[in-house]
Structure formats: C-alpha cells, structure tokens
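Just so you know, these numbers use all the heavy atoms, side chains as well, and skip hydrogens, waters and symmetry mates. Lettering of chains follows the sequences in order, A, B, ..., and the numbering in each one begins at 1.
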Number of protein chains: 2
Amino acid sequence: MAGLGRYVDVLRLFDTTTSGGAESWSVVAMASALGAPASTLYRTVRELTKAGFLEQAVDAQYSLGPAFIEYERLLRINDPLVRTGRGILVDLVRQAGLPCVALMARLYNGEVMCIADEAAPGTDFHSSYERGRPMPMTRGATSKIILAHRPSRELTKLIGPRAATVQLRKELQAIRRAGHIVTASEIDPGLTGIAAPIIAADPGASASLTLVVREEALDEATRRRLVLLVVSAASLLAEEIRGAQAAPPPAEEEKKVPHRVQVTSSKSKRRKD
Amino acid sequence: MAGLGRYVDVLRLFDTTTSGGAESWSVVAMASALGAPASTLYRTVRELTKAGFLEQAVDAQYSLGPAFIEYERLLRINDPLVRTGRGILVDLVRQAGLPCVALMARLYNGEVMCIADEAAPGTDFHSSYERGRPMPMTRGATSKIILAHRPSRELTKLIGPRAATVQLRKELQAIRRAGHIVTASEIDPGLTGIAAPIIAADPGASASLTLVVREEALDEATRRRLVLLVVSAASLLAEEIRGAQAAPPPAEEEKKVPHRVQVTSSKSKRRKD
DNA sequence: CACAAAATTTTCTAAAAATGATAATTATAG
DNA sequence: CTATAATTATCATTTTTAGAAAATTTTGTG
C-alpha cells in the first residue's frame, strides 16, 4: 500500500462502527490485521503518533490521537456550512419550544453524515443521527431529503440504476416536490424527523436540516408549525451561505494567484474513482 | 518531504490560528506556500480529498473535509478520558448551579488543549479554552494545574531549564501541594478558572478539570463550594478511568496477541524527536 | 458557440523512500 | 535479575515519488 492509503488503513482499524474495528490496538495486532510485517507497522504508527493522529496508552496499546479534535475545531470554525449552521440550530430548537434535537447532515462517502447537532435543554432522548456518524442513505427524513435533491444521474451511483429503484425514485420525486419530509420511526422508534433541504450550491442540495421530536408530541397544529419552522430555517441558512460566498472575506494581500468564481456543473469523465 | 509529513504539511495550511493559515486554498497557492511544484500538490491534494481530509468547494478552492468530524466522533466515543469526562462535565455544571463552563484539557504537542467542554444552560460567556484549541502552557488555571503535576525532568522540555524558570517552578510546586488552583482573569478578563488535576496514570496528571465562572459570582462561600466540587469531580473521574482500565471490555476471541498491563515510567533515550 | 485562461491530469525517468527480514536495543513483569 | 515483550536500527531490494513539460478538461467571457 502506497501514499496516504497506508496511513488511512491504520486509522480505519479504529472505526468501531465497522466489524474488525476496535478502540485500541497493539502494533503487532495491527500488523496481523493488515497483513503487513510488524517492522513496517512500527514505522507507520510512529509517524502517525508524532503527528497526533494516534497516541500510545499506558500499555502498548494505541488509539486515535488528539489531533482529530484540533482539526475538527478548525473545520467547525472555518467551514461555512458548519459555522453558519450551528447558530441556526440553536435558534431552531429555541423556536421549536419543545424537547427536540436539531441537526444538519450532508453527503459523505456514499452515506449521510450529521455534521452539527443541538438538543433543546431538557431533551430526554437522542437521535441516531449524531455528529460524525455516517448513516444509511435511503432511510430517515434527514437522508431522504438529500437524496431527493440530487440529480438523477448521481442517484444511479448512490442507490443503483433507475430500473432497480423505481419505487424509491418515485418517492424521492414526491419529497422533492413537497420541499420537505416528515418521517416517523424510520430510524429511531418513537421519534419523528422533520427535514428540509439546504440548497446553497448549484447541483441540488447536498445537505439537510432536520428537527427530531417525540412522535407523541406531534399533533397536527404542531406538525404544521414545525414544518414551516424547519423549511424557513433551511432557506435562511442556504441564503446566508450563498451570501458568504458572494462576499468573500477582506482581501489578503499575498494573493498572487487569481481565483475564478463559478457554479459547479461538472460532467467530467477524467477520473474513475 | 517524505511520508506522512507531506500530507500534514498541506493540512497545516488550514490552521487559521497560525499566521499563514487560511480556511481555503487553491492548489497553486498551496504549491507556492510550500515551495513545491503544482503537479506534485495536485497529486497530494487528490489523495487527501479522496480520503475526506480535504474537500473541494464550488470554485477551485479546497478546505478541510468531513473525515475529521467522523474521526473526532470515534475518539469522543472511544477515548476513555473524553467518554467518561463528558458525563462528569454535565454533572459538574448542574451541581455548580450558576452560569459556568466546565472543561477538560490535556497536554498536546507542548501546549494544553481542551478536549471536552460543557456550558451550563443560560451561560452568557465563553471560555478561551474551547474544544480543540491549543492554549499556552504557563497561563490559566487549566494549564498550570497540569504543569504542576508533571515530573520535573519533563518541565525542562516544556518550559525550559530549571535555572531559567525558578519563579514559575516555585509557583507550580505550591499549586501541586494545594491540589487545585483558582486564577482570575489570566486568560479571559472577568472570568475565573477553578482547576483540579486528573491523576489517572502514573507519571502525574497530564489532564485537568476546570470550572470557569464570572469573577463577580465568586463570593468566598461559593468559591469554597466550587473548589470542593471540582476537586472531587476530578478525583471521581480519575477513579472511573483507572477502573475502566483495570476491568477491560469483554474479551475478544481473535486476540492472538497477548497484551501486557503495565505502568509507564519511561526513561528511554532512544528517540530524540 | 468559440476562444482564452485556468484547473487538473498524464507521462516519464532520475532520485528518493518504503519494504521487510533480521539483529540489536530497551522496557517491563515477576 | 531474568525472560519476554516492545520497539528501534540496519540495509539491500523493490517500489514510489518528485518534478518538468505536455496534454486535457473545465469554465468564464464575448
């Protein structure tokens, strides 16, 4: 294994949500899991440790290191979607005025991952969509509203060819027309998700805003109110992000390299990965 | 540049807390910043993007990618200190019963970094010690209490030779004897930090627990109460972590490689980095 | 739509780095 | 102190990367 992959292969061992993943590894165990000699792994692990991506526990076990916390903060601070969204989530749970969890999610690696969440004070349940957890793409309001706004061609890659997914594609089309979706107990029994798309860039929404509430808290009037709330919060968020893009930060002087501003609509066939 | 460093050098460009860092970069700008040809950087960036550590924005700009959110969650879930500590922080702010921020911090890369924080509902201020932000090692209760519990030899590496740091070392010794520290406005004007060491492993504490409150909220009785609260929460936390280590998780069967359990007291001179 | 400029990938060979087996060293438990 | 595990060092071989230049694709603009 060459390049970055060599390091990522090691880090992936610590993904406890996949089979074979564990929270801590000895170097020899890593070597055997990856089918590589221990001397090679000792070298790789040493490099990862020095960079803070791994760290050594009290015994000869290694686990993920604090560098991830540092980089996650940089992303939290700098990423327009996360930065802007976090404020909106706080407003959203306050305006909802009942126990709930608000969250933002996005496409990631052929799955949908929550990138920010906020619980109303006193909320006594959790959503399975928690920050940093990849979730299936075809279940749950959070995921479906994203799928519903992807171009048809991309759906083929994500869920399979048109012929094999007629039913789902019909459902998605309906969701897209409605502009929002409410699902009950699709992910967590007893919980309802109310989701709207965040349409900030050209090729459909690749992110969504969701409010998760107890199913029994949702009489018809509340439901209508919350749908409106989520939909308008998502629109507002999208607008703020577009605005931030249009008005770039105070120009740096060292910017010798000019940038183009454009709207993506890539149809490239150059790379197949 | 070889090995992992080649990738880390790129990621470091996105550290907006250092001069030269920016939230987004074009590949050509990266190349010029790193003094390498663009074709090389295009290759490196492509690898980082594929792994999710970078991502391409709408124009030809790249920024940090969502993989960091995923790995940060794995750490949040699996790391004993973070996992156990988060629950304690929630209890702590509740028991404090006033607007406050509770946080845990640890040594990282010659600095002190907050690895978890929790604000009491209705808290209307922020601590500079925020999750993922490296902070200076010699200022603030959070940092000092950690330094105070490091072995003297290590201090030489962290703050300089004994002769040059007599004053600071005296102060640290006093803090260590007291078992806690209260500092006012050392980091954030108007805020007071109350910190205790988390002594979970052998060579002194490398982590601390802090409660940050408004200076004016701190009459003598409250101060005594909160000190006691923080100190006992830190002890409890340390105990829970030691307990978790002593009682390992349900034995996996595939564990062909035996582990040793030991207490670190390394005096190695093998590597000089 | 065509043209120009920017962005990105491809190609290819010298130079550099990684691999992996083995030996040497260091740390630790008992 | 000793046996054993953990880790690093060595080094010849194989593999990968760097870097320049060319080719290709994408995109903005007229």
Exercise. Between A:Arg106 and B:Glu70, does a salt bridge (charged side-chain N to carboxylate O under 4.0 Å, His left out) hold up when you go through it step by step?
Worked result: CA-CA 12 Å; A:Arg106 50 160 290 172; B:Glu70 189 185 11; over 6 Å; no
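Annotation: of the two residues near DNA chain D, B:Ala2 and A:Ala38, the 5′-most nearest-nucleotide partner is A:Ala38. Mapping B:Val27 and B:Arg43 onto DNA chain C by nearest heavy atom places B:Val27 at the nucleotide closer to the 5' end.
Residue-to-nucleotide contacts include a donor-acceptor pair under 3.5 Å from the side chain of B:Ser39 to the base of D:dA20. On a pure distance criterion of 3.5 Å, no polar donor-acceptor pair joins the side chain of A:Arg6 and the base of C:dA18.
B:Asp79 places no side-chain N or O within 3.5 Å of a backbone atom of B:Leu75 that could act as its donor or acceptor partner. In this structure a side-chain-to-backbone donor-acceptor pair under 3.5 Å is present from A:Ser208 to A:Thr142. At least one donor-acceptor pair under 3.5 Å links the side chain of B:Arg242 to the backbone N or O of B:Ile199.
Between A:Arg46 and the phosphate of D:dT7, there is no side-chain N or O to OP1/OP2 separation shorter than 4.0 Å. OP1 or OP2 of C:dA18 has not a single side-chain nitrogen or oxygen of A:Tyr42 nearer than 4.0 Å. Within the structure, a side-chain polar atom (N or O) of A:Gln56 is placed less than 4.0 Å from OP1 or OP2 of D:dT7.
Here the C1' atom of nucleotide D:dA5 and the CE atom of A:Met30 are 16 Å apart, to the nearest Å. With rounding to whole Å, A:Leu54 atom CG is found 12 Å from D:dT7 atom P. The interatomic distance linking B:Gln61 (CD) with C:dT8 (C1') rounds to 15 Å, in whole Å. The distance from atom CE of A:Met1 to atom P of C:dG20 is 12 Å, rounded to the nearest whole Å. Atom CD in A:Glu47 sits roughly 13 Å away from atom P in D:dA9 (whole-Å rounding). One atom, CG of B:Leu41, and another, P of C:dT9, lie 12 Å apart when rounded to the nearest Å. Summarising the geometry, the separation between CG on B:Asp9 and C1' on D:dT17 is reported as 15 Å, rounded to the nearest angstrom. Here C:dA18 presents its P atom at 10 Å from CG of B:Leu4, a figure rounded to the nearest Å.
Salt bridge status for B:Glu72 with B:Arg131: present, with a side-chain N to carboxylate O gap under 4.0 Å.
Side chain of A:Thr40, nearest nucleotide from D:dA6, C:dG20, D:dA20: C:dG20.
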